Amino acid sequence: MSHTIAFVGVGRMGANMVRRLMDCGYNVTAVYDTYKEGARALAVEVGCKHAETLAEVTAAADVIFTVVTNDESMRTIFFGEGDNLLKGAAGKIFINCATVSPAIHREVFDAAKRAGANSLEASMASSISHAREGKLYLMLAGDEAIYNKVQIIIEDMSVNRRFIGGPGRAAEVKALVNMVMNINTAGLAEGLGLAAALGHDLDLVREVFSQTGANSRVLETDGGDMADRSHDCWFSAAHAAKDSGIAGDMGKEVGLNLPLNEATTAQYRKMVDLGLGELDKSGIAELTFKGRHG
């Protein structure tokens, strides 16, 4: 455990990844977030430095995790004028965990190489509780030799992991995961919404779904929440809109028509437009049940 580790982006996922690594005995030296109050509080909690600049983060550790929200945020932290993570980055390893476009991962990979550093993707298909418990499912991409150097850290954070290939490849597969998940969530919301409109008992309908071809992982995770209108956020509608949009862009790049993904993206973007973007993805049911926001 000789690596020193720092984090950029310590919201719900990033902060719990920090706590997990601290529990495992790693030396987390610094945390940074644009929400300075949250980063400062976490630094006090775990006993590390609250970095005021991105360059300080790079200087503080040899492995830097980034957990940011979108392509724009990735460009800011790696290519921002005056302050960015690539200043003094020679010899550093960046592990980028956000769900962003394959293109930005490739851009960061190439820029890190030019700076004498290395960039690795570690796309997450898991929730906040998994981050805290070290039970993430991680898809890795980049230079496999660099992955091997940090594999022990990755293993301590995850219950399972898969190396996908070269830069951008994990981001592609993660976008596919979220595309299918979001389509399934939207389909479940329509099925339960129609069942409710027809006057069926939703507990009964969900039990029937679970024993038939209508069964799915999202039935287990989201079905009850849709019926109860309990949409505490584990994976936001805003993130669902972003991720389905990434998949749609990938489809356009290879000349594929993805009508189900297009419809699902439109539904999640509608949630954002209605001010419902910070609800959990299960909140898409608010657009399909009669008498709700739809």
Side-chain angles (χ1 to χ4, degrees), residues 69-72 98-104 123-127 137 139 168-200 202 205-206 208-210 212-294:
T69 55
N70 52 36
D71 284 23
E72 181 181 357
T99 301
V100 293
S101 71
I104 190 64
S123 298
M124 302 182 287
S126 309
S127 69
Y137 181 88
M139 292 158 277
R169 299 298 273 176
E172 290 172 349
V173 174
K174 175 61 189 299
L176 298 177
V177 168
N178 285 5
M179 178 185 80
V180 173
M181 176 181 72
N182 294 339
I183 289 170
N184 286 344
T185 307
L188 177 63
E190 291 195 1
L192 292 179
L194 179 56
L198 293 170
H200 286 285
L202 292 186
V205 170
R206 295 201 326 269
V208 172
F209 279 6
S210 74
T212 63
N215 194 19
S216 68
R217 179 70 178 272
V218 295
L219 173 65
E220 176 185 344
T221 60
D222 293 6
D225 292 342
M226 290 179 178
D228 298 337
R229 304 186 75 175
S230 175
H231 306 307
D232 292 343
C233 189
W234 294 92
F235 180 79
S236 74
H239 279 111
K242 176 196 60 144
D243 296 351
S244 290
I246 290 171
D249 290 342
M250 286 165 42
K252 290 174 185 175
E253 288 172 5
V254 296
L256 275 184
N257 181 33
L258 304 172
L260 294 180
N261 182 65
E262 186 175 339
T264 300
T265 305
Q267 283 288 81
Y268 278 114
R269 287 176 176 166
K270 183 177 180 181
M271 286 187 68
V272 173
D273 291 342
L274 289 171
L276 306 176
E278 292 310 307
L279 294 183
D280 189 77
K281 66 179 170 57
S282 64
I284 198 169
E286 297 300 304
L287 305 184
T288 62
F289 278 62
K290 288 184 73 173
R292 297 190 184 181
H293 289 83

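As a basis for the values below, the full set of heavy atoms in this structure was taken, side chains included, without hydrogen atoms, waters or symmetry mates. Predicted, not measured: the structure shown is a model, and the values here were computed from it. Residues: numbered from 1 along the sequence shown.
- For residues 214-224, every residue pair satisfying the salt bridge (Lys or Arg N to Asp or Glu O under 4.0 Å) rule, not counting sequence neighbours, is listed here: Asp222-Lys281.
- Nearest heavy-atom pair across Arg269 and Gly245 is NH2-CA, 3.9 Å.
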> Hey, mind stepping through Thr69 and Lys242 against side chain to side chain contact (heavy atoms under 4.5 Å, CB included) and telling me if it holds?
Replying inline: CA-CA 9 Å; Thr69 55; Lys242 176 196 60 144; 5.7 Å; no
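- For the pair Ser210/Leu219, a side-chain contact is recorded, criterion being any heavy-atom separation below 4.5 Å from C-beta on.
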>> Test side chain to side chain contact (heavy atoms under 4.5 Å, CB included) on Met250 and Leu258; report intermediate values, then the result.
In response: CA-CA 10 Å; Met250 286 165 42; Leu258 304 172; over 6 Å; no
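- When atom types are taken as modelled, the side chain of Lys174 and the backbone of Met124 share a donor-acceptor pair closer than 3.5 angstrom.
- The neighbour count for Arg169 CZ, taken as heavy atoms of other residues, nucleotides or ligands under 6.0 Å away, does not exceed 12.
- One distance of note links OG1 of Thr288 with CG of Leu194; it measures 9.5 Å at 0.5 Å rounding.
- In this structure, CD in Gln267 is found 5.0 Å from CD1 in Ile284, a value given to the nearest 0.5 Å.
- Pairing each heavy atom of Ala238 with each of Val272, the nearest pair is CA-CG2, 3.8 Å.
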>> Please evaluate residues Ser216 and Asn184 with respect to the criterion side-chain hydrogen bond (donor to acceptor under 3.5 Å, both in side chains), reporting the C-alpha separation (whole Å), side-chain torsions for both, the decisive distance (0.1 Å), and the verdict.
In response: CA-CA 8 Å; Ser216 68; Asn184 286 344; 5.5 Å; no
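- In terms of heavy-atom proximity, Leu202 sits nearest to Ala227 at CD1-CB, 3.7 Å.
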>> Does Glu172 form a side chain to side chain contact (heavy atoms under 4.5 Å, CB included) with Leu176? I'd like the steps, not just the answer.
In response: CA-CA 6 Å; Glu172 290 172 349; Leu176 298 177; 5.7 Å; no
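- A heavy-atom distance below 4.5 Å is found between the side chains of Pro102 and Ile246.
- Asn261 places a side-chain N or O within 3.5 Å of a backbone atom of Ser244 that can act as its donor or acceptor partner.
- A heavy-atom distance below 4.5 Å is not found between the side chains of Asn178 and His239.
- Smallest separation of non-hydrogen atoms from Phe289 and Ala189: CE1-O, 3.9 Å.
- Side-chain atoms of Asn182 and Thr264 include no donor-acceptor pair closer than 3.5 Å.
- The backbone N or O of Ser236 sits nowhere less than 3.5 Å from a side-chain atom of Asp280 that would complete a donor-acceptor pair.
- The backbone N or O of Ile104 lies less than 3.5 Å from no partner atom in the side chain of Asp71, so there is not a single donor-acceptor pair.
- Atom CG of Leu279 sits about 9.0 Å away from atom CG of Asp232, to the nearest 0.5 Å.
- Side-chain contact check for Phe235 versus Asp243: some heavy-atom pair is nearer than 4.5 Å.
- Within the model, atoms CG of Asn257 and NZ of Lys252 stand 10.5 Å from one another, a figure rounded to the nearest 0.5 Å.
- Evaluation of the side chain to side chain contact (heavy atoms under 4.5 Å, CB included) rule for Arg229 yields His231, Glu286, Arg292, His293 as partners, not counting sequence neighbours.
- No side-chain heavy atom of Asp225 sits less than 4.5 Å from a side-chain heavy atom of Trp234.
- Minimum interatomic distance between Thr185 and Met226 (heavy atoms only, all atoms of both residues): O-CE, 3.4 Å.
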